[in-house]
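All remarks here apply to the structure that follows.
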Amino acid sequence: MNFSNPVFAGCFIYILNMKKLLFFCFLICCSFFKGFCIDKIEITRVDPPNWWVGMKESRLQLCVYGKNISNSVLSINYQGVTLIKVNKVENPDYIFVDLDIASIAQPGTLDILFTLGKEHRTYKYQLLKRTGNKDSKPSYGPNDFVYMLMPDRFSNGDPGNDIVKTCNETQLNRDSMFYRHGGDIQGVINHLDYIKDLGATAVWLTPVQENNEPRTSYHGYAITDHYRIDPRFGTNELYTQFVNDAHDKGLKVIMDMVYNHVGTQHWFIKSLPSQDWIHQSDTFFQTNYRVTALMDPHASEFDKHKMTDGWFVKFMPDLNQKNPFLARYLIQNSIWWIESTGIDGFRIDTYAYSDLQFMSNLMAAVKKEYPQFNAVGELWDHSVAYQAYMMQHSKILGAPESNLPGLIDFQLCFAVSEALNKPMDWTDGLTKIYYTLSQDFLYAEPDKNLTFLDNHDLSRFYSVVGEDLRKFKMGIGFLLTTRGTPCIYYGTEILMKNFSDPDGKVREDFAGGWAGDKLNKFTDAGRTPAEQDAFSFVKKLGQYRREHEVLRTGALTQFVPENDTYVYFRSNQTSTVMVIMHYGDKAQKLVLDRYHEKLAGYAKGVDIVSGNEVSLNSPVELQGFSIRVIELKK
Ligand code: CA
């Protein structure tokens, strides 16, 4: 290039200036877009969404989730609250923040300052004042009679929430057992008086936490957000209102908790904090459903591993509660529900499928805050010893301390089914009940067991007894007069029937729970004579039990079954109730001599159901397949 040529020289200067101009423009643009170019601090969610001052456990661990949140530096400045540690995990989108909330801390807004380079963001975290006397109030137990229901199938109190467009499952189909039917929390609120009228004192709803699965999510056991009530059931606020309304009517509320698994659409499953958050393997690894492997002294390691770490079903990822951050997450979530809603107890799903040390720690943490809080674990197995092994303060040598107050008493349920379907002999029929209860020596507190005849997984009791109303009454009568915390499944009181194959058949809608239903079985007029007979029987004994302590906490004394008859007594310092169960088509008379130790001092009795007086000076008349509940009088 000839720079002496003025044309060339001019061109060069022009190009040089253009380059400067372009560079200058580049700098301007960079400056302009600076706000978009730097890393922003994203906080998608913080769990628990709030906490309280004045908890007995001062430590709190926040799960903070947001894009690359682990790059941020945290600081707080709040009197009484100390930032102990920020824990990072495999996934940079999570941090687990350890705080200590001293007793001097006051309620207020805790500003958590996130810093990333020159960027700052303040997250406002609410520390609330505790309300009520939740740590000292009594929980549910043998003084109660529990009414259990599936909210999707009980009553539709709010058709406006039947279909929620933001949810993955948007279909409603009452003709299919696999789809949602529209029942909700408002439907339960609307029928609290019905439940109370039956003599019940507590309500257990199958899980109401969000289940945002693409299909078959109505049952609630595939949780996708631990902190949210499913919008098809209502809102968190409505659930709290339900608890308050129930309490106002003298009904306690039991929340169904699931620790073993979650739904595939759970927000943390879609972005795992770490690979060991759930149990994973190259191919689908299913549990063997053999609880026995956990206490069998001869069990193989393979079977133990398969039991606990195998998945319950393909669509429910199996949580690894040995991960300490997950364990804290689940424990704090449990306490959060108790403190924020005032619920009275837990029912724990698939209890033995979770890590048992975790389950023990969970209940210890719950009882640290709420010493009287009751929980019953689901242990669907086949021996009293297995159940007793899992109950707190177990008398079985070598059993770990579970801190679990009670079990769902499958053994007694199975015994009743056998007792009402087989003639009595040395081991079977009514004798089965006798043998099952005689093994109560294995339990620390057998009364804490939740006793039942059927539930959402088992065949309906009326079908189990061959739709024989006499046997139905024997079962109900037994349930409400023997030891334990009795529980009735919705619709059993109106003779809903079916066998659980598949389980959707025992989860049918309660007739009258939906506007436009042809029949309304919530009312006397809507029931057939047989249904009304069954309903009145449950109500009679349910209300009697509610009003008479002797049936709730009185000592149980049973006599060896003889001549197709099983006799037992409930007694306390002031009262005695005699119960006679008779299996067999023929009427017979019960000679009373054998029961002198319990009858001494009493002159007569009153049949609770009929109101008729019963003489104790002559044999008691027993109809075929019958139960008599007799209050003894001086
Ligand atoms: Ca609804």
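Indexing begins at 1, ligand by ligand and atom by atom, following the structure's order. Reckoned from all heavy atoms, side chains included, excluding hydrogens, waters and symmetry mates.
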Worksheet item: So, for G263 and I269, which heavy atoms are closest and what is the spacing to 0.1 Å?
Response: O-CG1, 3.9 Å
Discussion item. Need the atom name: nearest N/O/S atom of D158 to the Ca ion (ligand 1).
Written reply: O
Item to complete: Report yes or no: is the cationic atom of K497 (NZ for Lys, CZ for Arg) closer than 6.0 Å to the six-membered ring centre of Y462, at no more than 45° off its axis?
Response: no
Discussion item. Less than 6.0 angstrom from the centroid, inside 45 degrees of the normal: does R228 satisfy that with respect to the ring of Y239?
Written reply: no
Fill in: Metal-centred angle, O of G182 through the Ca ion (ligand 1) to OD1 of N161, rounded to 10 degrees
140°
Worksheet item: Any cation-pi pair here, R527 with F535, using under 6.0 Å and within 45°?
Response: yes
Practice prompt. With the Ca ion (ligand 1) at the centre, find the angle made by OD1 from D162 and OD1 from N156, to 10°.
Written response: 90°
Practice prompt. Return the name of the atom in D184, of element N, O or S, nearest to the Ca ion (ligand 1).
Written response: OD2
